[in-house]
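Here the structure comes first, spelled out in structure tokens, and everything after it is commentary.
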Amino acid sequence: MIQLLFAMLSAEVGVAVALLFKTPLRKLVVLGLDRFKRGRGPVMVKTVAGTVVIVLASSLYSMAKIRSRSAEFGAFTPTDQVLMSRHLLEASLMGYSLFLALIIDRLHHYTRELRGLKKSMEAVMKQNRVLEETKRGGSDDIKTRDSEIASLNEQIKHLKFESEERIKEARAAEANVMALKKQSDELLIEYDRLLEDNQNIRDQLHLIDH
């Protein structure tokens with residue numbers, strides 16, 4: 001279970017990082033996500049997310065039971081400590097995975113919006129240049145073209161503002177991804193420690209049996 005969660009979290013981190021940087025890989029990831037969202041992908045994602053939420057709730061419930069049991073005895077037993085660490089690790093991985101899935105969805109949305117804004121801005125600027133060239137040619141309706149140019153300049157300013165806002169949101173998402181990547185590495189270290197504690201308890205039980 002934990003290995004599967006680590007694999008899923010690593011894949012999500014890879015996709016998020018690919019969306020953050022302008023590389024040929026980002027274009028492929030965006031196209032893949034576009035196709036995924038057109039088909040039965042959203043239904044599958046909702047099903048998987050619902051399953052993860054149920055398992056997460058089960059882990060939290062198990063942690064609560066262990067805490068209540070330890071409160072009765074006054075302290076955690078070694079077995080309870082291992083189980084508590086395992087449930088805590090699983091819950092953390094599932095929570096990070098759900099959060100990363102949300103970030104990937106937002107990053108994909110912002111990337112598509114930025115691409116559309118850039119195309120719109122290029123079209124408006126091209127139209128603006130054509131109007132300015134026509135104005136230089138000495139046409140009769142200069143006032144009309146002046147108003148059109150002013151309107152186009154306003155559109156350019158608005159598109160630039162929206163583009164800057166999307167870039168800020170993408171940078172905030174990038175910071176979240178990097179923080180989650182760091183926490184994922186820390187969880188991997190914690191998982192190794194958990195395996196070591198589990199092995200130590202098994203060795204102690206083996207000695208007690210002898």
Across all chains, not counting sequence neighbours, the side-chain hydrogen bond (donor to acceptor under 3.5 Å, both in side chains) partners of Asp34 are His108, Arg112
Side chain proximity check, [X] to [Y], heavy atoms < 4.5 angstrom:
| X | Y | result |
| --- | --- | --- |
| Leu33 | Leu19 | yes |
| Val45 | Asp105 | no |
| Leu88 | Ser92 | yes |

Hey, any chance [X] and [Y] share a hydrophobic cluster, counting ILVMFWY side chains that come within less than 4.5 Å of each other, even indirectly?
| X | Y | result |
| --- | --- | --- |
| Val17 | Phe36 | no |
| Leu102 | Tyr96 | no |
| Ile103 | Val53 | yes |
| Leu9 | Val48 | yes |

Sorted by chain and residue number, the salt bridge (charged side-chain N to carboxylate O under 4.0 Å, His left out) partners of Glu90 (sequence neighbours excluded) come out as Arg86
[X] versus [Y], closest heavy-atom pair with distance:
| X | Y | answer |
| --- | --- | --- |
| Ser62 | His87 | CB-NE2, 3.5 Å |
| Met94 | Ser59 | CE-OG, 3.6 Å |
| Ala16 | Leu107 | O-CD1, 3.9 Å |

Interatomic distance, NZ@Lys65 vs CE@Met84, rounded to 0.5 Å, equals 13.0 Å
**Q.** Tyr61 atom OH, over 12 foreign heavy atoms within 6.0 Å
**A.** no
Does Lys27 have more than 12 heavy atoms from other residues, nucleotides or ligands lying within 6.0 Å of its NZ?
no
*Under the 3.5 angstrom rule, does the side chain of Ser97 hit a backbone N or O of Leu93 as a donor-acceptor pair?*
no
